[in-house]
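Take a look at the structure below.
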Amino acid sequence: MSYAIMRHLRRTVILTQQIRYETTMTSVTQEDFVFKPPLTHWSKLIREAEKIVGYPTSFMNLRWLLSDEFANLAMHLRKVVGSNHPIVKTAKNFLYNEHNNLQPWGLIILLLSKAVTPETSSLQNSALAQDQRILAELTEMIRTGHYVHRGLLNIAPDDRDSSMATSMFANKIAILIGDYLLVTANGMLARLKNQDLSYLISTALRDLSEGEFFGERDNQNIPIPGKPVPFETGEFDICSDTTPLKVNNILGEPIREWTLRTMFNGGTLLGRGCQGALLLSGHGEKEQEIAYKFGCYLCLAWQASAEIQKITSDNKEHYSLVSAPVLFALHENPKLYHGLENAKSVSDIDLDKLKVEILRTNAIEQTRSLYSENANKALNYIEMFGDCESVDTIKKMIRTL
């Protein structure tokens with residue numbers, strides 16, 4: 001049964017490479033969760049890390065991927081092949097990129113849990129390890145469900161005729177898959193029976209939702225950068241309290257806008273996952289705050305790395321207009337913003353031409369500095385948990401990028 005379902009899913013995404021697309025629809029970009037470190041070294045690091053935690057996180061989500069409910073959704077997914085709907089691209093990324101270029105959030109949470117949990121063979125410690133594994137898995141599931149939901153196409157009521165039937169059906173499948181993942185993750189969270197942990201994860205869910213309403217959007221709900229302002233008021237302050245993220249006087253300032261968007265888009269989720277690992281281990285608020293900031297800065301560093309690779313790639317792939325290189329370029333050359341502010345759809349923008357203009361600025365160098373700054377902060381915070389094999393592996397994963 002497991003093999004049959006996996007074969008069914010893979011056949012679905014393979015067909016996307018064989019069918020000529022007859023529609024030109026806007027789709028979400030995948031730079032949020034796909035990045036490309038040196039594959040040989042990265043794969044070796046992942047295998048070493050999985051040996052340390054004693055759990056193959058490459059297959060962390062097989063339990064839900066191979067369930068009967070998901071199998072039924074995968075059957076329907078084949079019907080939308082050829083529509084160029086984002087749900088097909090998302091499925092392809094998660095099935096074929098594997099752990100080579102997906103940010104291994106669950107593995108990071110398990111490594112951190114290993115670093116802060118004393119080595120004992122007691123039954124209580126075994127139950128703790130199981131709870132931490134569930135936390136890592138549900139964090140991954142929430143992230144996946146969020147990205148699936150972001151892949152919906154906004155079809156205007158006047159355009160909903162027979163020619164759009166496949167796309168509307170694909171939207172329904174995307175909603176069902178995303179809902180299934182989120183509901184399953186929340187059920188797992190409830191079964192942990194930890195009220196404080198449930199509250200922490202709920203604040204991350206709140207941030208994911210609020211992020212979808214921050215700033216201007218095009219007709220497909222794809223974010224548009226804020227109008228550049230001539231001055232900057234400083235960095236975005238990351239703190240571990242559970243109040244909503246501050247959004248005033250953010251748009252137009254590249255570092256602050258990019259940081260807030262990344263926090264909304266998963267930074268707080270990884271941070272709360274790391275904080276939750278310390279909470280389950282019985283650590284105090286000070287250690288939990290360190291874990292939260294480590295997770296946030298690690299997410300920011302990975303995001304900056306992914307965006308550098310995207311904008312400097314020779315491939316003609318779409319990139320996000322709210323990525324750090326774009327925001328830095330707009331701030332350096334505000335005239336570039338004139339071609340964006342009146343666009344009703346990102347698909348109307350000549351991204352290749354904009355990319356050439358971006359590469360003429362210092363945006364790439366500034367984004368590299370942004371990556372280095374956040375990576376160094378993540379390293380400083382993880383070093384506060386001592387010197388052990390798990391911490392050393394996390395440090396290697398950060399430095400590999």
Side-chain angles (χ1 to χ4, degrees), residues 21 24-37 84-86 88-90 92-94 97 101-103 146-147 150-151 153 211-212 214-228 251-252 254-255 257-267 299-371 374 401:
Y21 295 136
T24 54
M25 298 180 182
T26 304
S27 64
V28 295
T29 57
Q30 304 297 329
E31 75 283 343
D32 296 310
F33 60 97
V34 174
F35 70 141
K36 300 173 182 178
N84 198 22
H85 194 280
V88 180
K89 291 186 177 181
T90 302
K92 179 181 176 182
N93 271 287
F94 277 99
N97 284 324
N101 50 4
L102 295 182
Q103 299 172 11
H146 173 63
Y147 285 126
R150 287 180 61 197
L153 290 174
E212 296 302 309
F214 175 69
E216 295 295 325
R217 302 266 167 165
D218 76 345
N219 57 16
Q220 288 295 330
N221 200 43
I222 296 178
I224 302 294
K227 186 175 182 179
L251 293 173
I255 295 178
E257 180 177 343
W258 176 82
T259 302
L260 178 60
R261 289 185 184 277
T262 306
M263 293 292 289
F264 270 139
N265 200 36
C299 181
L300 291 169
W302 271 342
Q303 183 67 22
S305 174
E307 291 172 355
I308 292 172
Q309 293 164 359
K310 197 80 170 180
I311 204 74
T312 56
S313 172
D314 294 331
N315 298 329
K316 291 188 176 181
E317 300 180 46
H318 288 292
Y319 53 89
S320 173
L321 291 179
V322 293
S323 61
V326 177
L327 295 178
F328 281 127
L330 294 178
H331 190 263
E332 182 176 333
N333 184 6
K335 292 181 180 179
L336 295 176
Y337 185 75
H338 299 325
L340 307 180
E341 58 182 340
N342 297 321
K344 294 183 179 180
S345 174
V346 170
S347 60
D348 297 333
I349 299 171
D350 189 341
L351 294 178
D352 292 333
K353 181 179 179 181
L354 179 61
K355 183 177 179 179
V356 172
E357 295 296 329
I358 292 171
L359 294 176
R360 288 176 178 172
T361 68
N362 291 321
I364 301 302
E365 289 73 17
Q366 290 175 293
T367 306
R368 288 197 175 103
S369 297
L370 186 64
Y371 159 75
N374 286 292
L401 301 182

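Everything numeric here is computed off the predicted structure, so don't read it as measured data. Numbers for residues simply follow the sequence, beginning at 1.
Scored by the side chain to side chain donor-acceptor pair (under 3.5 Å) test, H146 finds N265 as partners (sequence neighbours excluded). In this structure, Y337 has no ring pair (Phe, Tyr, Trp, His ring centres under 6.0 Å) partners at least two apart in sequence or on a different chain. Taking the side chain to side chain donor-acceptor pair (under 3.5 Å) definition, one finds that R368 meets it with nothing, sequence neighbours left out. For Q366, the side chain to side chain donor-acceptor pair (under 3.5 Å) criterion is met by no residue, not counting sequence neighbours. Residues satisfying the side chain to side chain contact (heavy atoms under 4.5 Å, CB included) test with S369, not counting sequence neighbours, are none.
Shown here for P225 and L321, the closest heavy-atom pair between the two residues is CG-O, 3.5 Å. Pairing each heavy atom of G267 with each of C299, the nearest pair is CA-SG, 3.6 Å. Between W258 and L300 the shortest heavy-atom distance is CH2-O, 3.2 Å. In this structure, A301 and Y371 approach most closely via the heavy-atom pair O-CD1, 3.1 Å. Of all non-hydrogen atoms in L359 and I311, the two that sit nearest each other are CD2-O, 4.2 Å. Nearest heavy atom pair, residue E212 against residue N221, reads OE1-ND2, 3.5 Å.
Atom CD of E341 has more than 12 neighbouring heavy atoms from other residues, nucleotides or ligands inside a 6.0 Å radius.
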Could you list the donor-acceptor pairs under 3.5 angstrom formed by side chains in residues 328-335, with sequence neighbours left out?
from: H331; atom 1: NE2; to: V229; atom 2: O; distance (Å): 3.1
from: E332; atom 1: OE1; to: N362; atom 2: N; distance (Å): 3.0
from: N333; atom 1: OD1; to: K335; atom 2: N; distance (Å): 3.4

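Within the 3.5 Å criterion, the main-chain N or O of I358 finds a donor-acceptor partner in the side chain of T361. Looking only at distances, a side-chain donor or acceptor of Y319 sits under 3.5 Å from a matching main-chain atom of K355.
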Note to self: Go through it in stages, so that I can follow the logic: the residues are L251 and F214, the test is side chain to side chain contact (heavy atoms under 4.5 Å, CB included), and I'd like the CA-CA distance, side-chain angles, deciding distance and then a yes or no.
What the structure shows: CA-CA 9 Å; L251 293 173; F214 175 69; 3.6 Å; yes

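Atoms CD1 and CG, from I349 and D218 in turn, are 8.0 Å apart once rounded to the nearest 0.5 Å. In this structure, I255 CD1 and T367 OG1 are separated by 9.5 Å, a value rounded to the nearest 0.5 Å.
Looking at heavy atoms from C-beta onward, Q220 lies in side-chain contact with L153 at the 4.5 angstrom threshold. Between V322 and I222, the closest side-chain pair of non-hydrogen atoms is not below 4.5 Å.
Screening R261, Q303, E307 for a side chain to side chain contact (heavy atoms under 4.5 Å, CB included) with S323, the sole residue that qualifies is E307.
For R360 and E357, the salt-bridge test passes: some basic side-chain N is under 4.0 Å from an acidic carboxylate O.
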